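Presented below is the structure to which this report refers.
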Amino acid sequence: MGSRGATVVLSRANRIKAKLQSVLEATALEIDDVSYQHSGHAAVRETSEGETHFNVKIVSPKFEGQSLVKRHRLVYDALADELQSGLHALSIVAKSPQEAAAKK
Amino acid sequence: MSCVRAFESTIVPSSTFSTSGVHKTAPNRPLVHYPTRPLYTPPLTSTTSLARNILYGPSFRRIASIRCFSALTPELKTTLDKVVTSSKVVLFMKGTKDFPQCGFSNTVVQILRSLNVPFETINILENEMLRQGLKEYSNWPTFPQLYIEGEFFGGCDITVEAYKNGQLQEELEKAMCS
């Protein structure tokens, strides 16, 4: 555990944050690791390290005028590497800056 | 003596056999015996559908044995084209309609049930090739995946959002009426 832990500099949540900020120019980002809510899940039992399910709330100007499907695809494309390496599911709330402001 | 008589009585006159004139003492048998295996055709009940027949039939398993770097082979793509249009509403999920095995999949099932629309569900846990192929086909890395009228609608979040703002009901009505 010790030697493996040393090679992972950032936790997955931090890596996700960094990627979304750089790729999607996010103005607001909230990332929560909710793997514990899914710990009985068939897939999670195989890799018992957690960091498999995340809630992502992101506000980005790139989402302007895009359908929900497009926005989610942008997020998924940005996190393609994570999805290959054990990230299992994302709950995404993706808003454009106008929508985020309107909500408040 | 008696056994000879018994033997005589079992010899059937040749006229009862085929007209080829060959005297056979055994019932007609083909010269080469092919093992007969009936083609698997599951009964088409109201719960079974075209999608299930395509996906779980023998031809699909042969496709699954082709090794490919991309999970989405051309054959799988054609099959998926057929599956997503086989029913107006198709949900690729983890588990089945009656026994979902994932919270997100369950949410979508419950939403669709509450809207009283007929929908088809496919359990992607049963078939790893299908699961990976679908991710490429839909360009979507997670499940559940909802298709309405052959078009990808979204995953759980999108479905919930659309349900809340009425968009899902609109789409479904359009699909049902067409």
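Chain letters run A, B, ... following the sequence lines, proteins first, then strands; residues in each count from 1. What you see is a predicted model, and the numbers here were worked out from it, not measured in a lab. Below, all heavy atoms of this structure are taken into account, side chains as well, without hydrogens, waters or symmetry copies.
Taking hydrophobic clusters as Ile, Leu, Val, Met, Phe, Trp and Tyr residues chained together by side-chain heavy-atom distances below 4.5 Å, A/Val93 does not share a cluster with A/Ile16. Linking Ile, Leu, Val, Met, Phe, Trp and Tyr whenever their side-chain heavy atoms come within less than 4.5 Å leaves A/Val59 and A/Val23 in two separate clusters.
Ranked by heavy-atom pairs shorter than 4.5 Å toward chain A, the options B/Cys156, B/Gly154, B/Ser138 are led by B/Ser138.
By the 6.0 Å contact criterion, CD on A/Gln98 is open, its count of non-hydrogen atoms from other residues, nucleotides or ligands being 12 or less. Around the NZ atom of A/Lys57, the shell of radius 6.0 Å holds no more than 12 heavy atoms that belong to other residues, nucleotides or ligands. Residue B/Glu151 places its CD atom among 12 or fewer non-hydrogen atoms of other residues, nucleotides or ligands, all under 6.0 Å distant.
Contacts between A/Leu79 and chain B at a heavy-atom distance below 4.5 Å are absent for every atom of the residue. Contacts between A/Leu83 and chain B at a heavy-atom distance below 4.5 Å involve the side chain alone, from C-beta outward. B/Phe143 does not touch chain A: none of its heavy atoms, backbone or side chain, sits under 4.5 Å away.
Taken to the nearest 0.5 Å, the CZ atom of A/Arg71 stands 10.0 Å off from the CD1 atom of B/Ile158. Atoms CG and CD, from A/Leu68 and B/Gln167 in turn, are 7.0 Å apart once rounded to the nearest 0.5 Å. Distance OG1/B/Thr142 to NE2/A/His53: 10.0 Å, rounded to 0.5 Å.
A parallel orientation is assigned to the rings of B/Trp140 and A/His72, their planes being inclined by less than 30° (bins at 30° and 60°).
Between the side chain of A/Arg73 and the main chain of B/Asn139, a donor-acceptor pair closer than 3.5 Å is present.
Applying the salt bridge (Lys or Arg N to Asp or Glu O under 4.0 Å) criterion to B/Lys174, with sequence neighbours excluded, gives B/Glu171.
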